[in-house]
Each structure stands twice: as C-alpha cells, then as structure tokens.
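A short write-up of the structure that comes next.
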Amino acid sequence: MCSIFCCTSREVDYKAMTEGFYRTVSRGPDMSRIERTPTGYIAFHRLAIMGLNAAGMQPFSMGKDKLVCNGEIYGFRPVKKRLEELGYAFLSDSDCEILLPMYREYGLKMFSMLDAEFALVLYDGERGEYIAARDPVGIRPLYYAYLENGAIVFASEPKNLVGWTQGDIMPFPPGHYYYKGKFHKFCDIAEVREVCSDSLDAICRNIREKLTEGVRKRLDADAPVGFLLSGGLDSSLVCAIAAKILRRPVKTFAVGMDKDAIDLKYAKEVAEYIGSEHHEIYMTREEVLSSLETVIAALGTFDITTIRASMGMYLICKKIHEISDVRVLLTGEISDELFGYKYTDFAPDAAAFQKESQKRVRELHMYDVLRADRCISVNSMEARVPFGDLDFVKYVMSVDPEKKMNVYGKGKYLLRKAFEGDYLPENILWREKAAFSDAVGHSMVDDLKEYAEEKYGADWKKTAQKYAYHAKPFTKESLLYREIFEKYYPGQAKMVKAFWMPNKKWEGCNVNDPSARVLSNYGDSGK
C-alpha cells in the first residue's frame, strides 16, 4: 500500500496539513515526499512493491503535470511498450509511471481502459485542473473534504483530513473521476446490461478461468508475497490457485482464538494439501480487548461486522509484519457479495437476490474492502483481492441470478463446482460457510459483547441518542464501537452508509445481530 494526498489550495495551515498527511505514514514507510503545484500541494508515502529503487518514487512529473497513485496496474508492461513506441521514456519499473503518458494520449478515457485497483490524483499543469479517480470496486481507498475557502482535499484515509478540513469527510465514489468540480461515473461494476445465457458447465469453466487469471495477475510483485488462509472456501481457493500457478510452496498465515479456534484445523488441512509454508497465529481475549481502540482508529468505522472481522485480521497482519518479510498479502474478500452468503438464502426471488448483490458490491468499499485495506496497510503491507478482479466481477454479476441462488442445497454452488478436481480436499471445497469473525473462535465475539455489557448500564439508550445524527447505535456493543469511533472521527459517521446487516425486509432476516450465527440456516457452519 501507499498513501496519496492532494490539497488544491495554498491557503491552508501548512503545519496542520502536514500533520494530517503523516498520520498514514504506515501505508508507505519507505519514503515520503510533499511537492508544490502552482496552486496547492501533492504528496506521497511509498511502500515499494513494483520497481523497488528510488526511481519509482512519486509524485511522477511530466512537463507541468504531476501524479500520485496508490495502485496496481495489471498488464502494464504491454501498455508501457506501446507508449515507448509513441516516444515516451520511462525512468523506473513502476507500473504507475505509465499513467501520465496515458493521460497525455487518451485523456479522461484512460480510466475506463485500466485493468487496475487504484486511487489517484493528477494535476494537469496545462489546464490548471486537478483530476482524481478511483477503481470501480473501490479496493484502493480515497476520501475527500473541503477547506473553508471551498477548495477540495483528497487523501487515502479520513484520518488524513480530520481536524483541519471543513464539514463531512466522504469516501470518493468508486468507478468515478473528479474533474472541474464534479464527479463523473466511468464504470458501474455492478450494472448488468445483458444477462449471461451460458450453460452451467460454461459458467463454471469461465469462473475457474477468470478467477485463476485474477490470482495470476496479483502474483506479479517485486516484493515478497504471502496469503491469508482462513480455511474457508474463498481464501483456500486463492491459495490453491496460486500454488498451482507458482509450482512452489506459498507462504500462508492463519489466525484463531487460543481456546476455541474453529478454522485453524481447516486452514492446516488446506496448507498440507497444497504444500504451503504455513504459520498459525493465536490470539487471546486480552489481545482482542486491548487492540479494540487501535483497530477502530485504524478502520475509521463503527460498523459491527467490520470491526468484529477486523480483530483477527489486524492481529494476524501485525504478526506477519513482525515475523516475515512479506509485503503483499492476497485475501479472499468479495466472494460473498458475488455468490451469496447465508442470509441471501432468504431472498424471496432471483430479482431480489440480484438487487441485493448489486447493492453490496457497490458498498463494499465501506465494509469488507475497507477492512482488508486498513488491517493490512496499517501494518505496512499491500492487500490484493483476486475476487475483485474487474473481469471476474463483471462476469459473475452478469450470470443469471436464478443460477446463483442457493437452489442446490449448498451456498456458492457455482464457485465450488468450478473448482472440483485437485484444487482442494473435497470436505473443504464443500464445507459450510463460517463467518471470519465467528470462525476465529465464537468466544471472540462473545468477549466483545460481554465487555460492552459490563461497560454500559440500563440507561445506555440515552447515551446512544447522542449519535442519532446518523446510524444510531442499537445495542451496547454498537454503542461501544461508536463512542470509540467518535473519539477519533468526531461527527463523521456519514462516511459509512449504515450497519452491514442482513436485509431485514426478508422473512427470516429481521435480526438484531449481523452474525450468521443468529440465522436459522447456520446449521453446521463454524464447526
């Protein structure tokens, strides 16, 4: 990960601005730089992943233009070669160095051309315009806020903007670019213009081929790569595919509670099957509770699901950073939103299933994608998400929802069927889903809820009323998280749309806890 920053005005408290920028130095601990534009500032914290020497440091400049980008541009080498043929020269092996020449050649159309996960800010020196853009899924973070004089400020995280900008700090909409004071959509990744009419066999073949290619792209790094392995279907598939591609042992890491870890045994079974160099990490009740405030401050959210799932992810990433040289981590996020989760079994029909999937994919940047980014980047590593591959997401979203619904007696049937063979042990491939926050050990969530119960008395609802301006806390646990959030991001709850909960309009989903454990179909999950 890296951290990008741009203030479009010089009329600013420079000391406060600089302090804000340096709050995310953990995203890019290798090198930092602030440069002036004719009207403002553009800055970068670097974590070197591609092109490890100093020539890959940003901001990149070309004539009067400047650019900062936190991103991975997949397939950049053929693009770079074409640009060289057009007369452009490059100083580094950085994938992001192609972006200014692309802008020169293609203008604003370039964003639709990128196979990438990215957040960038570009200063067009000829026009005196600032342009910002974010990838269609929102895998790379970008936020914006305004100064008192109306100038806009862009930053990788909201913590960069707290305390010295005005009004609401908001997430930059995925699949959009900002130009001449307005946001313009260049891609709605969840939109389906034509439903895919492929046969079941063709669908499964395409899923296998497209996900395999998504993993292959994300193995391209000049820095060491590792894998988070929960033992669930999604992360296990990413690890198995990578092991097949690389034909050598990959580094896998799994985490669980010290007294009731559910997934560690499954992760170990997968690791042995694919022959990985495997590491087990245990966490305790004390570590979870003592890390809670640190995690919420890093996340910038009050959402219950996100925080619960982040506890194990943060602690495992912290340990990986301490014990290994890994700088890139592949993860299994986004599969649930594409193929369905426990609560989508309650969808009343295929149209409702598809609508819910589209909603979730469009909001991922505020929840699971945010979690992966912050837990990994705060520990100075980069997250890569193969299930978020643009070609893969577009294809799965286009598949007839009648085929994606759980009409087979097993959730995510298409994904499981696609990887039948020698990728994973049969019992792992067809194992019931367990939520990550539950699968690290049911005791973890129970400990957090118990801690909240001890902290608040019978009048907790009166305290919760203070935060009624947006997404009012509805349990003691949610109040605990909200109060910590407000300590670091006062008045900024609108950054997160709402609580990530099952669709309460569906029969069987009107629950008061986001865990799948409370649903009637949880069954053998988490055993």
Does [X] have more than 12 heavy atoms from other residues, nucleotides or ligands lying within 6.0 Å of its [atom1]?
X	atom1	result
Lys497	NZ	no
Lys217	NZ	yes
Lys505	NZ	no
Lys185	NZ	no
Lys403	NZ	yes

Is the backbone of [Y] close enough, under 3.5 Å, to the side chain of [X] for a donor and an acceptor to pair up by distance?
X	Y	answer
Ser235	Ser230	yes
His365	Glu363	no
Arg27	Met381	no
Arg416	Gly411	yes
Ser276	Pro249	no
Lys404	Val396	yes
Asp389	Gly214	no
Asp368	Glu333	no
Arg371	Thr305	no
Asp263	Tyr266	no

- Item | Asp391/Lys210 under salt bridge (charged side-chain N to carboxylate O under 4.0 Å, His left out): CA gap, chis, key distance, verdict | CA-CA 7 Å; Asp391 185 48; Lys210 290 177 184 295; 2.9 Å; yes
Of all heavy-atom pairs between [X] and [Y], which one has the smallest distance, and what is that distance?
X	Y	result
Arg374	Pro141	NH1-CB, 3.7 Å
Asp93	Phe76	O-CZ, 3.8 Å
Leu370	Tyr143	CD1-OH, 3.6 Å
Asn70	Ile4	N-CG2, 3.5 Å
Trp500	Glu337	CZ2-OE2, 3.4 Å
Gly388	Ile334	CA-CD1, 3.6 Å

Side-chain H-bond candidate by donor/acceptor type, [X] with [Y], under 3.5 Å:
X	Y	answer
Glu97	Ser92	yes
Thr306	Thr301	no
Asp198	Tyr395	yes
Glu477	Thr475	no
Asn379	Glu322	no
Ser443	Asp260	yes

[Y] side chain reached by [X] side chain, heavy atoms, under 4.5 Å:
X	Y	result
Lys412	Asp336	yes
Pro425	Glu269	yes
Leu315	Glu287	yes
Arg218	Glu117	yes
Leu329	Glu382	no
Leu219	Leu246	yes
Lys259	Thr284	no
Leu414	Ile207	yes

Nearest-0.5 Å distance, [atom1] of residue [X] to [atom2] of residue [Y]:
X	Y	atom1	atom2	value
Gln58	His45	CD	NE2	12.5 Å
Cys375	Lys318	SG	NZ	13.0 Å
Ile296	Asp303	CD1	CG	10.5 Å
Lys449	Met444	NZ	CE	11.0 Å
Ile73	Met102	CD1	CE	8.0 Å
His176	Cys187	NE2	SG	10.0 Å

- Message: Whether Glu72 and Arg384 form a salt bridge (side-chain N of Lys/Arg under 4.0 Å from carboxylate O of Asp/Glu) is what I want to check.
- Response: yes
- Query: Hey, are Glu356 and Lys359 close enough for a salt bridge, meaning a charged N less than 4.0 Å from a carboxylate O?
  - Reply: no
- Item | salt bridge (charged side-chain N to carboxylate O under 4.0 Å, His left out) between Asp188 and Arg362, worked out | CA-CA 8 Å; Asp188 179 358; Arg362 290 177 180 132; 2.9 Å; yes
- Using salt bridge (charged side-chain N to carboxylate O under 4.0 Å, His left out) as the criterion, list what pairs up with Lys81, not counting sequence neighbours. none
- Identify, with sequence neighbours excluded, every residue that meets salt bridge (charged side-chain N to carboxylate O under 4.0 Å, His left out) alongside Lys394. none
Given the ring of [Y], does [X] sit roughly above its face, with NZ or CZ under 6.0 Å from the centre of the six-membered ring and within 45° of the axis?
X	Y	answer
Lys244	Tyr423	yes
Arg134	Tyr177	no
Lys251	Phe227	no

- Kindly determine whether Phe353 and Trp506 satisfy ring-ring contact (aromatic ring centres under 6.0 Å, His included), including the steps that lead there. CA-CA 11 Å; Phe353 177 99; Trp506 294 350; 8.0 Å; no
- Query: Taking the six-membered ring for Trp, are Phe387 and Phe339 parallel (under 30°), tilted (30 to 60°) or perpendicular (over 60°)?
  - Reply: perpendicular
- Name the orientation class of the two ring planes belonging to Phe302 and Phe499 (parallel below 30°, tilted from 30 to 60°, perpendicular beyond 60°). perpendicular
- Message: Test salt bridge (charged side-chain N to carboxylate O under 4.0 Å, His left out) on Arg285 and Asp447; report intermediate values, then the result.
- Response: CA-CA 7 Å; Arg285 180 182 191 274; Asp447 290 339; 3.5 Å; yes
- Yes or no on side-chain contact (heavy atoms from CB on, under 4.5 Å) for Leu338 and Val393, after CA distance, side-chain angles and deciding distance? CA-CA 7 Å; Leu338 296 174; Val393 173; 4.0 Å; yes
- Dump the intermediate steps for salt bridge (charged side-chain N to carboxylate O under 4.0 Å, His left out) on Arg517 and Asp446, then the final yes or no. CA-CA 12 Å; Arg517 270 201 282 167; Asp446 297 340; 3.5 Å; yes
